Amino acid sequence: MLLSSQVFVVAIVLAWTGGVKLFGPAPGLAARRTALDRLVGKGRELTAYRAVGVVELLIAAALALPPVEFAEGLAATALALGFVAYLVYARRVRPESDCGCMGGKGGPIGWRSLSRACLLVLASAMAAGAGQEAASPLVVLAGLAVFVALSAELDRYWLLPLRRLRVRLSHPLAGLPVRVPLAAGVEQVERSPAYRAVAGLLRSDVRDTWTEGEWRFVSYSARYQDRAATVVFAVPTDRFVPEEVQAALVDESTEETLWRFAPTASVGLA
């Protein structure tokens, strides 16, 4: 049951990645973010990118249609090994390049991309040894969940919302010694010394706002030292006092509070 379940896991993953390469938005841009031009030559990266997508879809279809033969699992394993080799090559010749595995911008190739490719090798090898027994839906879902967790391209659908929720619940400004009544709104934020201190890091308009007790919190997306971050401002709710607005800069990867700004003092960026 475990082996046969891997057939469906590999088929779904390859259908997903192949479909994105052929039918996803802006495939040319996605191809240019990769290191394929170093491998196949300038101007040929889009053709190579789409060719990989075709191969992925063909193998996915072969795995999805019974009966599953050893050759189909072997072909998937060979393809997955090729992915691992390409990622190692791309990381060596162009460390800043994108994996290109799922079309979207997943950032530079790191441990998650390599782990995902190695996991695909393992799952494909298991699929090659599968018999004709029924697959377990729970095993298939668990396998797909692991692939999702290792896909930086999909973080915006599940990981970032969870991190934003954690920021809201953890109160990064709660440790400030000054507890001035806060609120009023975005105008106070934009006129405050706290906003001027981090304006160069902001990468979005207001992303979220909520009120708890005497505090109104306003959050923005930010970028700090090439890392995704969130800036949370705390504003007085009962009067217009921009100079009393407080702020915190939170790293979205580690959830570490990098910097705090209070009316009486500010702590420098880490």
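Everything numeric in this text was worked out from a predicted model, so none of it was measured.
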S.K.: Is the backbone N or O of Ser97 less than 3.5 Å from a side-chain atom of Arg94, with the two atoms forming a donor-acceptor pair by type?
M.R.: no
S.K.: Under 6.0 Å between ring centres: does that hold for Phe261 and Phe233?
M.R.: no
S.K.: Decide, yes or no, whether a salt bridge links Arg32 with Glu45 under the criterion of side-chain N to carboxylate O below 4.0 Å.
M.R.: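 Here Arg32 does not pair with Glu45 in a salt bridge, since their nearest N and O are not under 4.0 Å apart.
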S.K.: Enumerate the side-chain hydrogen bond (donor to acceptor under 3.5 Å, both in side chains) contacts for residues 191-202, please, sequence neighbours excluded, ordered by first and then second residue.
M.R.: Glu187-Arg191
S.K.: Any side-chain heavy atom of Val250 sitting closer than 4.5 Å to one from Leu258?
M.R.: no
S.K.: Got Leu159 and Leu154 here, is their nearest side-chain heavy-atom distance under 4.5 Å?
M.R.: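 Leu159 vs Leu154: side chains apart.
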S.K.: Can you check side chain to side chain contact (heavy atoms under 4.5 Å, CB included) on Phe83 and Glu56, steps first, answer last?
M.R.: CA-CA 11 Å; Phe83 289 157; Glu56 288 174 322; 3.1 Å; yes
S.K.: Check whether any side-chain heavy atom of Thr230 lies under 4.5 Å from a side-chain heavy atom of Tyr220, and answer yes or no.
M.R.: no
S.K.: Can you hop from Phe147 to Trp111 via hydrophobic side chains spaced under 4.5 Å?
M.R.: yes
S.K.: Return yes if some donor-acceptor pair links the side-chain N/O of Arg207 with the main-chain N/O of Asp205 below 3.5 Å, else return no.
M.R.: no
S.K.: Distance from Leu122 atom CG to Ser115 atom OG, nearest 0.5 Å?
M.R.: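 If we round to the nearest 0.5 Å, Leu122:CG and Ser115:OG are 12.0 Å apart.
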S.K.: Taking a hydrophobic cluster as the set of Ile, Leu, Val, Met, Phe, Trp and Tyr residues connected by side-chain heavy atoms closer than 4.5 Å, whether directly or through intermediates, do Leu162 and Tyr157 fall within one such cluster?
M.R.: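 In one cluster with Leu162: Tyr157, yes.
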S.K.: For Ser4 and Ala135, work out which heavy atoms get closest and say how close.
M.R.: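 The answer is OG-CA, 3.6 Å.
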S.K.: Give the C-alpha distance, both sets of side-chain angles, the deciding distance and a yes or no for side chain to side chain contact (heavy atoms under 4.5 Å, CB included) between Leu2 and Ser136.
M.R.: CA-CA 7 Å; Leu2 177 62; Ser136 167; over 6 Å; no
S.K.: Check whether any side-chain heavy atom of Trp16 lies under 4.5 Å from a side-chain heavy atom of Val148, and answer yes or no.
M.R.: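 Yes, their side chains come closer than 4.5 Å.
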S.K.: Backbone N or O of Val218 within a donor-acceptor pair of the Thr209 side chain at under 3.5 Å?
M.R.: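 Flag not set: sc Thr209 to bb Val218 has no pair under 3.5 Å.
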S.K.: In the hydrophobic clustering that connects Ile, Leu, Val, Met, Phe, Trp and Tyr at side-chain heavy-atom distances below 4.5 Å, which members other than Leu22 occupy its cluster, ordered by chain and number?
M.R.: Phe23, Val54, Leu57, Leu58
S.K.: Evaluate salt bridge (charged side-chain N to carboxylate O under 4.0 Å, His left out) for Arg33 paired with Glu96, printing each intermediate quantity in order.
M.R.: CA-CA 9 Å; Arg33 287 174 177 158; Glu96 76 282 2; over 6 Å; no
S.K.: Is a side-chain donor or acceptor of Gln6 paired with a backbone partner of Ala123 at a separation under 3.5 angstrom?
M.R.: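 No.
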S.K.: Please determine whether the number of non-hydrogen atoms from other residues, nucleotides or ligands lying under 6.0 Å from atom CZ of Arg92 exceeds 12.
M.R.: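 No, not enclosed.
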S.K.: Testing the basics here: between Leu3 and Gly129, what is the closest heavy-atom pair and its distance to 0.1 Å?
M.R.: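 Of all heavy-atom pairs spanning Leu3 and Gly129, the closest is CD1-O, 3.5 Å.
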S.K.: Should the pair Glu252-Arg227 be classified as a salt bridge under the 4.0 Å nitrogen-to-oxygen rule?
M.R.: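 The answer is no: the pair does not qualify as a salt bridge.
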S.K.: State, without any angle test, whether Ser151 and Arg112 hold a side-chain donor-acceptor pair at a distance under 3.5 Å.
M.R.: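 Side-chain D/A pair, Ser151 to Arg112: absent.
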S.K.: Give me the atom names and distance for the closest heavy-atom approach of Val140 to Ser5.
M.R.: CG2-O, 3.7 Å
S.K.: Distance-only, no hydrogens or angles: does the Lys21 side chain make a donor-acceptor pair with backbone N or O of Cys101 under 3.5 Å?
M.R.: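 Side chain of Lys21 to backbone of Cys101, a donor-acceptor pair under 3.5 Å: yes, one is there.
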S.K.: Could you give the distance from CG (Leu79) to CG (Leu14), rounded to the nearest 0.5 Å?
M.R.: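 Reported to 0.5 Å precision, the distance equals 6.0 Å.
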S.K.: I'd like to check Val7 versus Met126 (side-chain heavy atoms, cut-off strictly below 4.5 Å). Are they in contact?
M.R.: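 The answer is no, as the side chains (C-beta and beyond) never meet within the 4.5 Å cut-off.
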S.K.: Are Trp259 and Val198 close enough that some pair of their side-chain heavy atoms sits under 4.5 Å apart?
M.R.: yes
S.K.: Given the rule that I, L, V, M, F, W and Y join up when any side-chain heavy atoms are under 4.5 Å apart, are Ile12 and Leu141 in one cluster?
M.R.: no
S.K.: If only atom types and distance count, is the side chain of Ser113 paired as donor or acceptor with the main-chain N or O of Ile109 below 3.5 Å?
M.R.: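 Not confirmed, Ser113 side chain does not pair with Ile109 backbone.
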S.K.: Mind checking the CG-CG spacing from Leu120 to Leu150? Nearest 0.5 Å is all I need.
M.R.: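 Reported value, rounded in 0.5 Å steps: 11.0 Å.
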S.K.: Decide whether Val93 and Val40 are clustered together by the hydrophobic rule: side chain heavy atoms of Ile, Leu, Val, Met, Phe, Trp, Tyr closer than 4.5 Å, transitively.
M.R.: yes
S.K.: Look only at the side chain of Tyr86 and the backbone of Leu81, and say whether a donor-acceptor pair between them is shorter than 3.5 Å.
M.R.: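 Between the backbone of Leu81 and the side chain of Tyr86 there is no qualifying donor-acceptor contact (under 3.5 Å).
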S.K.: Can you tell me if CZ on Arg44 sees more than 12 non-hydrogen neighbours from other groups inside 6.0 Å?
M.R.: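 It does not: Arg44 CZ has 12 such atoms or fewer within range.
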S.K.: Would you say that Tyr89 contacts Arg38 through its side chain, given a criterion of any heavy-atom pair below 4.5 Å between the two side chains?
M.R.: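 They are in side-chain contact.
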S.K.: Nearest 0.5 angstrom please: Lys42 NZ to Asp37 CG, how far?
M.R.: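 Answer rounded to 0.5 Å: 5.0 Å.
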S.K.: Is the side chain of Thr34 donor-acceptor paired with the backbone N or O of Asp98 at a distance under 3.5 Å, no angle test?
M.R.: no
S.K.: Counting C-beta onward and ignoring hydrogens, is there a side-chain heavy-atom pair between Thr257 and Leu249 closer than 4.5 Å?
M.R.: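 SC-SC contact between Thr257 and Leu249 ruled out.
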S.K.: Taking all non-hydrogen atoms of both residues into account, name the closest pair between Ala31 and Leu46 and its distance.
M.R.: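 Ala31 and Leu46 have their closest heavy atoms at CB-CA, 3.9 Å.
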S.K.: So which atom in Ala30 and which in Tyr49 form the shortest heavy-atom distance, rounded to 0.1 Å?
M.R.: CB-OH, 3.6 Å
S.K.: Remaining members of Phe70's ILVMFWY cluster at a side-chain heavy-atom cut-off under 4.5 Å?
M.R.: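 Phe70 shares its hydrophobic cluster with Leu74.
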S.K.: May I ask you to decide if Val231's main-chain N or O and Ser219's side chain share a donor-acceptor pair within less than 3.5 Å?
M.R.: no
S.K.: State, to 0.1 Å, how close Ser204 and Ser221 come at their nearest heavy-atom pair, and which atoms those are.
M.R.: OG-N, 2.9 Å
